[in-house]
Every structure is written in C-alpha cells, then in structure tokens.
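Below is one structure, written out as structure tokens; the observations come after it.
Computation of the quantities below employed the complete heavy-atom set of this structure, encompassing side-chain atoms and omitting hydrogens, waters and symmetry-equivalent molecules. Since the structure is predicted, the reported quantities are computational estimates derived from the model, not experimental observations.
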Amino acid sequence: KIMTQKWLSLLLVGHEAWFNVRRTGLPVLPIPKDNLNNDRFPRRYRYPETEQAANHEQYQQAVARLGEDAYHIGGWWDG
C-alpha cells in the first residue's frame with residue numbers, strides 16, 4: 001500500500017514513478033494495451049535515432065552487447 005501511495009504521489013514526476021516500479025515491481029500495474037513492446041512493461045528507453053546516425057559504430061557495439069535495442073531489454077545495470 002505504501003508503494004502504491006508513493007506511485008500516486010509521483011503523478012507529475014513520471015520518470016521517477018517509472019524508475020520505482022522498475023526497481024521494486026510495486027505497485028503491480030496492468031500492461032498497457034496496444035503498446036510498442038509486445039505487451040510487456042518497458043525496462044529502458046531505446047537509443048535515439050540521432051545517436052544511431054551520428055555514432056553508428058558505437059551504437060552497433062552497444063546493441064551487440066545488449067542483444068537488441070528494444071524497450072524490454074534490461075540495461076547493463078539490471079541484466
């Protein structure tokens with residue numbers, strides 16, 4: 001109940017609310033329908049297209065380490 005109240009209190013600070021849900025798994029939220037992540041909760045942002053274009057070689061190396069550049073893939077910090 002405490003984490004639900006914390007999540008609600010972060011209404012205007014969306015990133016912080018998302019970080020807390022990713023970190024704790026609480027509150028348990030329904031998966032949004034018609035999302036771009038095959039009905040999975042996003043774990044990270046994708047690399048921006050500007051990064052892909054301006055820094056292509058390093059982008060390719062990073063994607064090779066991650067496996068793919070997708071919302072459901074964890075970052076280096078959370079596997």
(request) For Glu68, check side-chain contact (heavy atoms from CB on, under 4.5 Å) against everything at least two apart and list the hits. (result) Ala70, His72, Ile73

(request) If you link ILVMFWY side chains whenever their heavy atoms are less than 4.5 Å apart, which other residues fall into the same cluster as Leu8? By chain and number, please. (result) Trp7, Trp18, Phe19, Val21, Leu29, Ile31, Phe41, Tyr45

(message) According to side chain to side chain donor-acceptor pair (under 3.5 Å), who are the partners of Arg65, at least two apart in sequence or on a separate chain?
(response) none

(request) Output the rest of the hydrophobic cluster of Val28: all Ile, Leu, Val, Met, Phe, Trp and Tyr residues reachable through side-chain heavy-atom contacts under 4.5 Å, sorted by chain and number. (result) Met3, Leu26

(message) Going by ring pair (Phe, Tyr, Trp, His ring centres under 6.0 Å), name the residues that satisfy it together with Tyr47, two or more places apart in sequence or in a different chain.
(response) Tyr59

(request) Could you list who else is in Ile2's hydrophobic cluster, with ILVMFWY side chains joined at under 4.5 Å, directly or through other members? (result) none

(message) Test of understanding: with side chain to side chain donor-acceptor pair (under 3.5 Å), list the residues that count as partners of Asn55, not counting sequence neighbours.
(response) Glu51

(request) Applying side chain to side chain donor-acceptor pair (under 3.5 Å), name anything that partners Glu16, two or more places apart in sequence or on another chain. (result) none

(request) Decide yes or no for Leu66 and Arg44: does some side-chain heavy atom of the first lie under 4.5 Å from some side-chain heavy atom of the second? (result) yes

(message) Working to the nearest 0.5 angstrom, can you tell me the gap between His56 NE2 and Gln61 CD?
(response) 10.5 Å

